[in-house]
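Remember, it's a predicted structure, so these values are computed and weren't measured experimentally. Sequence lines set the chain letters: A, B, ... in the order given, protein chains first and strands last, and positions in each chain run from 1. All values below come from the heavy atoms of this structure, side chains included, with hydrogens, waters and symmetry mates left out.
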Amino acid sequence: MSYLSVNNATKQFGESFKALNGISVAVERGEFFTLLGPSGCGKTTLLRSIAGFNDLTSGEITLGGANLRVVPPHQRDIGMVFQDYAVFPHLSVFDNVAFGLKPRKVSAEAIKARVAEALAAVRLDAMADRLPAAMSGGQQQRIGLARAMVINPQLLLMDEPLSNLDAKLRIELREEIRDIQKQVNIATIYVTHDQEEALAISDRICVMNAGRIEQIGTPQEIYGNPQTQFVATFVGTLNFLNAGAALDAMLGQLNLSAAAAKSWAVRPEHLDLLVDGAPTSDGATLSGMVSKFTYLGREAHLQVETEVGRLVVQLANPGMAATKAVGETVSINVQPSAPMAFDAEGRRISSKG
Amino acid sequence: MPRFNFWTVVMILTWVMLFVLLFIPVGSVLVSSLYDQSGNPTIANYLKFLGEPRFHQAFINTLVVGFGGLIGALLLGSIMAFCVSRFVIGGGRFVSLLAILALVSPPFIGAYSWIVLFGAGGVVRGFLRDMGVNMPPIYGVGGILIVFSLKFYPYVYLMVSGALSNVNRSLEEAAEGLGLTPLQRTFKISFPMVFPALTAGGLLALIHAIADFGTPRLLGRGYNVLATEAFTLYSAEVGSNMSMATTISVVLILVSMVFVLLQRYMSRRNVYHGNMINKPVRIKLKGWRNVLAHVAVYFIGLSGAMPVIISVIYSFRKTSGPVFQSGFALQSYERILFNLGDVVRNSLTFSLTAVALIVIVGTVVGVLVARRTNFNTALLDGAFMVPYVMPGIVIGIAFIAAFNTGPIVLTGTATIIILSVFIRRLPYTVRTTASSLRQISPSMEEAAISLGYSPFQAFLRITVPLIVPGIIAGGMLSFVTAINELSSSLVLYVGSTMTMPVRIYLLILDGDFGTAAALSTVLLVLSGGAVYIAFRFMGRNEQALL
Ligand SMILES: Nc1ncnc2c1ncn2[C@@H]1O[C@H](COP(=O)(O)OP(=O)(O)O)[C@@H](O)[C@H]1O
Ligand SMILES: [Mg+2]
């Protein structure tokens, strides 16, 4: 049995609205597990029912085999990191971090040592005596992290801990969180709506939508092999291909077919431009006219009007020569592995003939 | 079945308390106004109010001093706010201090000091008479309006300067870019943005002016308003007419209610378009403009604080009986020490008891309101209007009407004075506690719970320390209100429960200005100390005094 398991969790608000609708997840010891989904999909609700701040309408939660739902929240021994930091403004940085050790009957010396260690881990050792009020968001969240970790909890929960920080700090701090988590090896559930953050930080990702699970898998599986149309569009972007003779011809050429397919799509980064005159060994070729060129530095997006519709092609490392003018004609190479097929319910289906 | 826990008990007790201290008194006033002297139901009192010129006059006079006070306060307050927030004024903090002094000194001290200077035997008048200039004494409506304008301008000043310093400068710059002249900018951009603050502050001045009893009583000399009429009818040795007094109280409540509702509507519209990035800058004026701005600001500030200054100076003057002699002495203070110790002690014990009750009950009920959303907040909103719609005189009369006979008899006790102060100030404490609790993120307590503290422990260790400074500050400000309360105590006191404001009032009526000045100074020192402590705990926040 898994370390933490949530079984068929349902949470109802009001008469009929289900914020969680039959959620089952299993988290292993030491695992970094991420809940990813758009805002309002129920991530916080799930996290808070694990922490004990709201009770499930139905379902089971066990931690290390024991039923967690009967344990009051302050006895669950679960560390929590909040989006708004929730740092205690009237306590010094040291006292903030030491706060959770007091009810655990840790000796004064041990408190000193453990707090010092935790503060060093989040690089705040020089600020132990300061009051947190005037500190930056990044520093406050480091306090929050140290405070949650120092008690050696059985589980660490983080609810969008980085979403109030600016972009650069977000990347810096997420690396730190990842490193520290691997060091202390505490099973962690991390909530975010940022797909890039989820891919960068997680051992496994659970993509949620409207109170349900769309897919659970490693970052590679989630991005590379999305099982639903929702996952494919939420984690990355998709070009949907217009149905018609041109699409049928292209699929025939690629030797792909799926009887139940409702829609076909390709990721922009799975399309390539054909260099003039160069012969193609495999794949299909679509030609079209450039309608927009967006230069983004490390990549460029080329919008092309083709027979299967408007396609965005992502060009990596675009040099000077890669610049295209609007109206120019280009040829796009589509590899057989690129198109994905989805059925009427949005489920991914096999596209092999 | 609802669980019978601590909060259920608190909820029930709150309702009982509001019922006894609010509904019964207000109900008694209403009932009393609908009965004649011999106990038969009648609407004759209201017909009499409509019929008698004496009452018409009081009604009109009340509106005159209300709107006069509003206009005066608007004029002085907005000039001061504009100058202080737009120009560099030397000693700006001192100017604010003057405004605070005007705000925390009881209005009857103002009346008294103006009598000292410009009354029948006034110093300035006497001086001018010696110079051959004969000016009329300050009594009557003119004097009342001068005192009200100088006493209540801080309401407008504090509200408008708050709004003005938050007007986003980008808006004015944009208007400048569109080619508007400075005058056009002021009227088309700044004025509309501070208009709600102007009206809210002005109406606050009006509400206080309508409720004030001491000033028209001491300065009016026949210029009667509803508050003084109600008191006269209640207290007349011969022909005391309780049912007419309560009828006038009902009218006064209705008049106040109209303006309080208007004021609340305006305050709610008073949303500052705050922008921390582009705050307006203060211009450094040059030449005569600079002189003019300074003269205006200091003239208003010093005139407003003059009662304080006068009473401090006069408290040290040598006296012989009630008559001032030249030179200085501590005689007036000696008289307080030897003859008026019980009055000072009464004031202190009543105020401290009331404040302790206000703080404890207010905090518990505030937590109830903030944390149990099922509490009827509309009721709280209603209760919050009490201190404004029920002038002190009316509260006093209502408490007499409610607790003179019947199941609870309290007249003549210290309890009734303490409770009258308590109920006026309680809603404020409940409101501030609830709003400061709502500002504390719930995740703060959740963090403590996740770290191993029970919910109650988390509340004690995290939430309580965070709201305590605000509660102490609020308690101090309640103390200022409590110890300066004149009008309800004047109705409710008996010989043994006399307080300092009542004594000062009586001393002024007796013409013993020296002792009155010394007692006023003691009152001012106590109020000033309380305000100082409050500001220490919550930062210098003049807005909290409103
Ligand atoms: N206490 C509550 N009462 C009613 N609805 C709630 C409550 N808490 C959350 N919800 C609703 O449940 C849904 C999921 O909320 P939440 O778990 O906070 O989403 P997320 O964290 O994924 O953004 C939202 O539609 C939200 O409005
Ligand atoms: Mg959330």
Of the listed residues (Pro465(B), Ser441(B), Ala447(B), Ser443(B)), which shares the most heavy-atom pairs with chain A below a 4.5 Å separation?
-> Ser443(B)
Is there a donor-acceptor contact under 3.5 Å from the side chain of Arg104(A) to the main chain of Leu451(B)?
-> yes
Under 6.0 Å from the CG atom of Asn185(A), do we count more than 12 heavy atoms belonging to anything else shown?
-> yes
Residue Glu117(A) excluded, over 12 heavy atoms near CD under 6.0 Å = no
Give the minimum heavy-atom separation between Phe88(A) and Ala448(B), together with the two atoms involved.
-> CZ-N, 4.0 Å
Pair count under 4.5 Å, heavy atoms only, with chain B: among Asp84(A), Leu101(A), Ile151(A), highest is Asp84(A)
By a 4.5 Å heavy-atom criterion (distance strictly below it), what part of Ala458(B) contacts chain A: side chain, backbone, both, or neither?
-> neither
Contacting moiety of Leu466(B), where chain A heavy atoms sit under 4.5 Å = side chain
Please look at Phe99(A) and chain B and tell me whether the side chain, the backbone, both or neither of the residue comes under 4.5 angstrom of a heavy atom of that chain.
-> both
Please flag which part of Ile78(A) lies under 4.5 Å from any non-hydrogen atom of chain B: side chain, backbone, both or neither.
-> backbone
Go through Glu446(B) and Arg48(A) one step at a time and tell me if the side chain to side chain contact (heavy atoms under 4.5 Å, CB included) criterion holds.
-> CA-CA 10 Å; Glu446(B) 287 175 356; Arg48(A) 289 169 58 82; 2.8 Å; yes
Heavy-atom closest contact (His90(A) atom, Arg461(B) atom, distance) | NE2-O, 3.1 Å
Val87(A) versus chain B, heavy atoms under 4.5 Å apart: side chain, backbone, both or neither?
-> backbone
Chain B contact via Phe53(A) - side chain, backbone, both or neither, heavy atoms under 4.5 Å = side chain
Looking only at heavy atoms, the pair that brings Pro89(A) and Met444(B) closest together is CD-CE, 3.9 Å
Please examine the side chains of His74(A) and Ser450(B), heavy atoms only from C-beta on, and report whether any two atoms are closer than 4.5 Å.
-> no
